[in-house]
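The sequence lines fix the lettering, A, B, ..., with proteins before strands; numbering per chain opens at 1.
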Amino acid sequence: MHIYRTHNCGELRENHVGEVVRLSGWVHRKRDHGNLLFVDLRDDFGLTQCVIEPKNPIFDHVDSIAPESVVTVTGEVVLRDKETINPSISTGTIEIRIGEFKVLSEAEELPIPVFGDQEYPEELRLRHRFLDLRRERLHHNIKLRAAIIEDIRQRMTEQGFTELQTPILTASSPEGARDYLVPSRVHPGKFYALPQAPQQFKQLYMVAGFDRYFQIAPCFRDEDARADRSPGEFYQLDVEMSFVDQEDVFNAIEPVMHGVFQKYSDGKEVTPAPFPRIAYADAMLQFGSDKPDLRNPLRITDVTDAFSGSSFKIFSNAIEGGAVVRAIPAPGAEQNPRSFFDKMNEWARENGWPGLGYMVFTSGEAKGPIGRNLSKERIRMIQEITSLGDGDAVFFACDEVKRASELAGAARDRLGINLNLIDSDCFRFCWVIDYPMFEYDEEKCQVVFSHNPFSMPQGGLDALNKMNSTDILGFQYDIVCNGIELSSGAIRNHRPDIMYKAFELAGYSRADVDMRFGGMLRALKYGAPPHGGIAPGIDRIVMLLAGEPNIREVVAFPLNQRAEDLLMNAPAPVSKSHLRELHLRLVEASDGDKETNS
RNA sequence: GGGGGUGUAGCUCAGUUUGGUUAGAGCGUCGGCCUGUCACGCCGAAGGUCGCGAGUUCGAGUCUCGUCACUCCCGCCA
């Protein structure tokens, strides 16, 4: 008989009755009836009930074992009585009569129990992650993550993608997020950087003639955390394809995303391919966001014309000053008390907006302070544009374009929740396309890349030469699911002449570009195929499918919000000799330093 | 860097609004009882720097100020 086990804890059935078996696992739970003791034994595969009676000489030994100790149980599989069958576990028709009981590893009193679904503080959970990972929720999430990654690999491979590796120690990238730096021992004063994404390497693979690349790639960015953003590191399904246009990328990715979500969505409806495509400008208008949540049926409309030159002076004056008015519908909201509408306005003001006007349509009239100041024709115009009528209400966001969009988008989210309009039982995908290539940075007072500088501008060199730079669109796209941005992607700029021109518009000289992107440019000068790709975030995909509100719930060993590893104690100070070897000297931060740095 | 929330037993939380006797409950732990449980049940016990510091007061878990930790958001994330 094997020293540890003949079966696992989720394996035994009625057909094993009569066999003497050996199981090893954790003591999940004990139920002591005085003259009868039940021990639930748990491993990765399941739970098996073991039982012992006091006439057995080892009863006291078994009785005294602490929960979560690791033990080996040897004994006969016996059938349970009909009335003691437990249908909620796979091994519920049998139990093991304990013959031998060996303790492999005793557990001390637990800082967090493994049994039960009580919530515990995250700090405690992170410090004892190995215990938290034993618990059902995290254990399930991590196994789900593994299954999803395996499934993605299979789907990508089947579609003719080749899984290729890229370096972890590489060069700092001048655009984008803050890098994690690694000092070089061999080259005093010089540093490697961890890749923010394998962006340039995957393009180099295309140039090297590998037609379709993918990788479950680690990415490192030194940025502050959010609920859906792990600090430090995260994983992307990194994809790049040769000789493709935007539609080819969509056609390659849609079946993978749809397939994975369909398989692991637990019956929830998934948007069938092709996913809706929404132009960036339309997304900003209709959803007030570049990551529209299509589960929310509300659509924002522009009603500036209905207020322009009207006697509702607050809006008409603002419009003369360049403002727009966006309407957020609240269908069926008429029955709500006045406080419902006032609270929305209050919320907008609390968040720094001038306010949120509203109108309630009832028995052919528009009630509310705005309705009284507006002519019948204008009210009819608003009803027409918003497709609203009696019984409905509408909110108005009046501000300059960007801020009005933002407010309308936030109000749309809020109304969707308050009016209970969100269908939570589905995964709604869309593509957001036609991103502007450049935008004007108010602080820097110059045109900057609004997305990925390596993207191909729509219209190519012609557009860069002739168009107003902020009007130029890029072959850039995002894939969004339930309001969460899963990925950005683009058709890349594979032409050095177009690259120089694009960077020139963003204020880089030819010499700048040569210095910063020399490797990439050199590659493009010796025959580069047109190519493009995308990189959906693995952690966010798992988060959506696991139904978790926080990305740390689907990462086995996450850093906390301040980018610390509480289990391994990182980051940590290093010895002087270690620093010396790397040609580093620590500088105490004085007050003066702090001021000049901040 | 900024804003919000939280901080009371090992853990989850009540008590803070309106300052007033010995700060409570559940889970866990420990002890006792219990032959069919699977969130076993019953009885009992131990367990507290009310995050920390200062202040107001005859008196502070409760009020004020400061500070720290965690978390959510803004900034940031080509």
A.B. asks: Base, sugar-phosphate alone, or nothing: which one does Arg516(A) contact when heavy atoms must sit under 4.0 Å apart?
C.D. replies: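 Touches nothing.
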A.B. asks: Go through C73(B), U12(B), C77(B) for me and flag the one nearest to the Glu223(A) side chain.
C.D. replies: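 Nearest nucleotide to the side chain: C77(B).
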A.B. asks: If we ignore angles and hydrogens, is there a donor and acceptor under 3.5 Å between the side chains of Gln215(A) and Tyr213(A)?
C.D. replies: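 Gln215(A) vs Tyr213(A): donor-acceptor pair found between side chains.
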A.B. asks: Leu124(A) near the nucleic acid: base, sugar-phosphate alone, or nothing, with a heavy-atom cut-off under 4.0 Å?
C.D. replies: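 Here Leu124(A) touches the backbone only, sparing every base.
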A.B. asks: What's the shortest heavy-atom distance between Ala227(A) and Met543(A), and which atoms?
C.D. replies: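 Heavy atoms only, the tightest pair is O-CE, 4.2 Å.
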A.B. asks: Using a heavy-atom cut-off of 4.0 Å across all strands, would you classify Asp224(A) as base, sugar-phosphate, or nothing?
C.D. replies: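 It contacts base atoms.
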A.B. asks: Can you find a donor-acceptor pair, distance only, under 3.5 Å between Arg229(A) side chain and C76(B) base?
C.D. replies: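 Answer yes: a donor N or O sits under 3.5 Å from an acceptor.
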A.B. asks: Counting any heavy atom closer than 4.0 Å, what does Pro453(A) reach on the DNA or RNA strands: base, sugar-phosphate only, or nothing?
C.D. replies: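 Contact class for Pro453(A): base.
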A.B. asks: Determine, for Phe115(A) and Arg29(A), whether the Lys NZ or Arg CZ falls below 6.0 Å from the six-membered ring centre while staying within 45 degrees of the axis.
C.D. replies: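 Here Arg29(A) passes the 6.0 Å and 45° test against Phe115(A).
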A.B. asks: In terms of ring plane angle, is the pair Trp353(A) and Trp347(A) parallel, tilted or perpendicular, where the classes change at 30° and 60°?
C.D. replies: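 It falls in the tilted class, 30° to 60°.
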A.B. asks: Compare the minimum distances between each of U29(B), A69(B), C77(B) and the side chain of Glu109(A), then state the nucleotide with the smallest one.
C.D. replies: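 The answer is U29(B), which lies nearest to the side chain.
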A.B. asks: Classify every nucleotide of nucleotides 34-40 of chain B by which part a protein heavy atom approaches to under 4.0 Å, writing B for the base, S for the sugar-phosphate alone and - for neither, in 5'-to-3' order.
C.D. replies: BBBBBSB
A.B. asks: Does Asp179(A) reach a base, just sugar-phosphate, or nothing at all? Heavy atoms under 4.0 Å.
C.D. replies: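 Result for Asp179(A) = nothing.
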A.B. asks: Please step through ring-ring contact (aromatic ring centres under 6.0 Å, His included) for the pair Phe517(A) and Phe503(A), ending with a clear verdict.
C.D. replies: CA-CA 11 Å; Phe517(A) 307 106; Phe503(A) 274 90; 5.0 Å; yes
A.B. asks: Just to be sure I understand the rule, does Gln561(A) reach a base, reach only the sugar-phosphate, or reach nothing, if contact means heavy atoms closer than 4.0 Å?
C.D. replies: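 Base contact.
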A.B. asks: For Asp132(A), is there an ion pair with Arg125(A) - N to carboxylate O distance below 4.0 angstrom?
C.D. replies: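 The answer is yes: the pair qualifies as a salt bridge.
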A.B. asks: List in chain and number order the residues that pass side chain to side chain contact (heavy atoms under 4.5 Å, CB included) with Met568(A), two or more places apart in sequence or in another chain; answer none if no residue qualifies.
C.D. replies: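 Side chain to side chain contact (heavy atoms under 4.5 Å, CB included) check on Met568(A) returns Asp565(A).
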A.B. asks: Starting at CD of Glu119(A) and ending at C1' of G28(B), how long is that distance when rounded to a whole Å?
C.D. replies: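 Result: 17 Å.
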A.B. asks: Glu108(A) CD to C30(B) P: how many Å, rounded?
C.D. replies: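 It works out to 13 Å between those atoms.
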